[in-house]
There are 2 protein chains.
Amino acid sequence: MVTSRDVAKLAKVSVSTVSRAFREDVYISEEKKKKVFDAAIQLGYTPNLVARSLKNQKSGVIGLILTDIDNIFFSIVSRVIESDLKRQGYRLLVTYNTYNSDNMEQEADNLNLLSASRADGIIFTPKSIKNQSIIERFRKQGIAMVQMYRLAYPDIDSVLIDDQKGAYMATKHLLQHGHRNILLLSIDNSIYQDIRVPGNIYSDPRSEGYKKAMQEEGVPIADASMMNLPVLMDAREMIKQRINEIKPTAIIAGTNLIARDAIKACKEQGFSIPNDISMVMFDDVDFASLLDITTVSQPINEIGHIAGRSMIDQLNKNRPNSPLHVSLEPILISRNSVRNLYHNADKQ
Amino acid sequence: MVTSRDVAKLAKVSVSTVSRAFREDVYISEEKKKKVFDAAIQLGYTPNLVARSLKNQKSGVIGLILTDIDNIFFSIVSRVIESDLKRQGYRLLVTYNTYNSDNMEQEADNLNLLSASRADGIIFTPKSIKNQSIIERFRKQGIAMVQMYRLAYPDIDSVLIDDQKGAYMATKHLLQHGHRNILLLSIDNSIYQDIRVPGNIYSDPRSEGYKKAMQEEGVPIADASMMNLPVLMDAREMIKQRINEIKPTAIIAGTNLIARDAIKACKEQGFSIPNDISMVMFDDVDFASLLDITTVSQPINEIGHIAGRSMIDQLNKNRPNSPLHVSLEPILISRNSVRNLYHNADKQ
DNA sequence: TTGAAAGCGCTAACAT
DNA sequence: ATGTTAGCGCTTTCAA
């Protein structure tokens, strides 16, 4: 391996001069700088970022913990974050929490791995509230942290999408079109059961938003009309059963994965959308526009930008003492998957 | 920051003993090991991977260069690779080539960044053949390398999908159903123009496979029936124009992005699939099964596993001298987007 | 089995 | 403006 010593020798300068050349230090003459660069090119020298990290006590690495569900979502977010952080001279160490294994332990492993790698900061989506002590330790060590998509630790920055609002909007939209028997398909509670922050805001936000909208219209809520589906499993049969049980006029699908299963379930039962069953789904993925489905669209790019900006601000200490919590509003993209029951029944 | 010295002091041993404890060295007694771990836990000590990297001349980091197109594809691949490499004690530094800017220079920047980070290996999708000299230098430095999805450098390991075969299968399938006027929508040649390896195998493989199948059946190929679409651009209008120009009975969409635009184009023109126009698309994404579209499915997970395995083998020097080139066969998933013209016209 | 000490490649304080 | 040198936290040779 070619080191700054080799370059120094060839350029007939000292190692500190080589170092200065590559750090755009002011205390170096153009003449020496040129000599250094010439020698460096000749030898194929690149400064060793590992050595620099050790010396500087700053790695220039940001850890990103992703999960293996919701691929599309996280692939976009990570691209945005990488690009924003690269512009500030940081690189991205990516780690995955795979679903279904021991959540808490795996998250702890990933956090510790990133800390052992001496990441200057960590951006992650909390899976549980139980790693509080690790988070606390990291905070003391001065590791910058941002949680995205879920809020588990009140003391660190967060950027989330207001899923409660999203569910509220979806429900309201359906109510306005005359639907009363609405089936909410949300994700398994177990993701949220550990993430109850004071105020209890984040215990299955979709259910909360749904209830709120229904209550505002004075529509009674049957227990069976809110369903929590296991993640990473084909939920078609469960959905079919429930449809046949409560005969909803509309379905709200809480994620694109659920929507996929729900659409297939409807099709397999011979129900057409929107003629037999109306639908509103979360996540504006490709198939939503292709199938003309009304969508609660998540501002995915913005999540990435804000998470990145939040990280940078912390690293630059441009920060108030208290954590910043950002909640992004989803938008409803209205297409042709919701039938207006008022028109048909002349109820309006 | 708590270091091995601190732990040594508290455990009343030397720093080398601490080091030995954490590397599962044989030359350490259980008794001392326990003392070390106790002290480490008490202090919250984690070995500093940066320092270890510097000393060992081995970072334990693998660089992964992704592109920002084909999100779904790469998000799956990176998850598989991360998981396989983590199991071998490596971590993943992820970088993106954004499309549309200067391909070659950006690729060079990313390669150099990874090399500066002293990545032990690099997995990437070549964008151009022009960084040969960098690749050559890395090889000499002993950086393990794997190219995936495209073969640009004959001297380094590759794992690709046989797109030519895929296009051949798609075309053959349509021919067998009586189609003769088939429009191939492929990606912009510019991606491939720099990636012509000896034998010229990789100059727009989809076109090659298409031509081969057509020629085997003795069907003449009109120039207008092969179209190369720009990436990252709404191609609907271009597609509509071409459809109206040549009135194809079937379309082959070379990627899921192209398929998305083609489906919309058909719908907007009032053509239904498969009644008016048949379709076969590449990539078995969600909307393919939802819309019941026949698909050339890429073994995405396998690409990741093989790339990871190839990397590990290189790192462990379990390798012959010559590079390994793996080509994966796509599979045709037959659904209901291809109309059988023989049945209708009684031609059979 | 354990400890002392050198050194990985870089930066920065200090000296010139 | 440039050079000398100590030291970042770890591993490893060598000696005990």
Side-chain angles (χ1 to χ4, degrees), chain A residues 1-37 39-40 43-61 89 112-113 115-120 141-143, chain B residues 1-37 39-40 43-61 89 112-113 115-120 141-143:
Chain A
M1 163 165 317
V2 29
T3 74
S4 56
R5 279 181 64 121
D6 303 321
V7 177
K9 206 169 291 172
L10 182 63
K12 296 193 202 316
V13 296
S14 72
V15 285
S16 21
T17 300
V18 175
S19 174
R20 285 183 183 110
F22 277 92
R23 286 176 304 105
E24 307 289 324
D25 197 310
V26 265
Y27 299 114
I28 187 172
S29 63
E30 283 304 319
E31 177 216 345
K32 297 257 173 186
K33 205 189 230 172
K34 189 181 176 325
K35 273 168 82 175
V36 169
F37 284 154
L43 297 173
Y45 168 78
T46 341
N48 184 332
L49 259 34
V50 172
R52 184 181 283 177
S53 296
L54 180 61
K55 175 67 200 180
N56 286 352
Q57 297 291 83
K58 181 175 180 313
S59 65
V61 166
N112 285 326
L113 179 62
S115 148
S117 304
R118 295 304 183 263
D120 299 326
Q141 289 171 9
I143 300 179
Chain B
M1 165 164 319
V2 29
T3 75
S4 58
R5 279 182 65 121
D6 303 321
V7 177
K9 206 168 291 172
L10 183 63
K12 297 195 201 315
V13 296
S14 71
V15 286
S16 12
T17 300
V18 175
S19 173
R20 286 185 182 108
F22 277 92
R23 285 177 306 103
E24 308 288 323
D25 198 310
V26 264
Y27 299 115
I28 186 172
S29 63
E30 282 304 320
E31 176 217 344
K32 297 259 173 186
K33 206 190 229 173
K34 189 180 175 326
K35 274 168 80 176
V36 169
F37 285 153
L43 297 173
Y45 168 78
T46 340
N48 183 331
L49 261 34
V50 173
R52 184 180 283 177
S53 297
L54 180 61
K55 176 67 200 181
N56 286 352
Q57 298 291 84
K58 181 172 179 315
S59 65
V61 166
N112 284 326
L113 178 63
S115 149
S117 303
R118 294 305 182 262
D120 298 328
Q141 289 170 10
I143 301 179

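Naming convention: chains lettered A, B, ... in sequence-line order (proteins, then strands); numbering from 1 in each chain.
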- Message: Heavy atoms only, 4.0 Å cut-off, all strands: where does R23(A) land among base, sugar-phosphate and nothing?
- Response: sugar-phosphate
- Note down the inter-axis angle between the two ends of the helix from dT1(C)-dA16(D) to dT16(C)-dA1(D), five pairs each, to the nearest 10°. 40°
Per-pair distances, 0.1 Å, donor-acceptor, side chain in residues 28-37 of chain B, under 3.5 Å, sequence neighbours excluded:
unit_1, atom_1, unit_2, atom_2, d
S29(B), OG, K32(B), N, 3.3
K34(B), NZ, D38(B), OD2, 2.8

- Item | Side-chain touch L10(B)/V7(B), heavy atoms, less than 4.5 angstrom | no
- Query: Heavy-atom contacts under 4.0 Å between residues 49-61 of chain B and DNA chain C, which residues?
  - Reply: L54(B), K55(B), Q57(B)
- Task: Would you please name every residue forming a salt bridge (charged side-chain N to carboxylate O under 4.0 Å, His left out) with R5(A), sequence neighbours left out?
- Result: none
- When you list every nucleotide of DNA chain D with an atom under 4.0 Å from a heavy atom of chain A, which one comes first 5' to 3', and which comes last? dA1(D) to dG9(D)
- Message: Restricting to non-hydrogen atoms, name the atom on V18(B) and the atom on Y45(B) that form the minimum distance, rounded to 0.1 Å.
- Response: CG1-CE2, 4.4 Å
- Task: Look at all strands and tell whether V18(A) reaches a base, only sugar-phosphate, or nothing, counting heavy atoms closer than 4.0 Å.
- Result: nothing
- Could you tell me the separation between the CD atom of Q57(A) and the CE atom of M1(B), rounded to the nearest 0.5 Å? 5.0 Å
- Across all chains, not counting sequence neighbours, the side-chain contact (heavy atoms from CB on, under 4.5 Å) partners of K58(A) are N56(A), Y90(A), D120(A)
- Sorted by chain and number, sequence neighbours left out, side-chain contact (heavy atoms from CB on, under 4.5 Å) with S14(B) holds for S16(B), T17(B)
- Task: Give me the residues of residues 27-37 of chain B where at least one heavy atom lies under 4.0 Å from an atom of DNA chain C, by number, or none.
- Result: Y27(B), I28(B), S29(B), K32(B)
- Query: Shortest non-hydrogen contact from L49(A) to S117(B)?
  - Reply: CD2-OG, 3.7 Å
- Message: Do R20(B) and R23(B) have side chains that approach each other closer than 4.5 Å (heavy atoms only, starting at C-beta)?
- Response: yes
- What are the 5'-most and 3'-most nucleotides of DNA chain C lying under 4.0 Å from any heavy atom of chain B? dT1(C) to dG9(C)
- Message: Need to verify one output field. Residue with the more 5' nearest nucleotide on DNA chain C, R20(A) or V15(B)?
- Response: V15(B)
- Taken in chain and number order and not counting sequence neighbours, the residues that satisfy side-chain contact (heavy atoms from CB on, under 4.5 Å) with T46(B) are S115(A), A116(A), R118(A)
- Task: Answer with base, sugar-phosphate or nothing: what part of the nucleic acid does T17(B) contact at a heavy-atom distance below 4.0 Å?
- Result: sugar-phosphate
- Query: For S53(B), which residues count as a side chain to side chain donor-acceptor pair (under 3.5 Å) partner, sequence neighbours excluded?
  - Reply: none
- Query: What is the nucleic acid contact for F22(B), judged by heavy atoms within less than 4.0 Å: base, sugar-phosphate only, or nothing?
  - Reply: nothing
- Message: Rounded at 0.5 Å granularity, tell me how far OG in S59(A) sits from CG in L54(A).
- Response: 11.0 Å
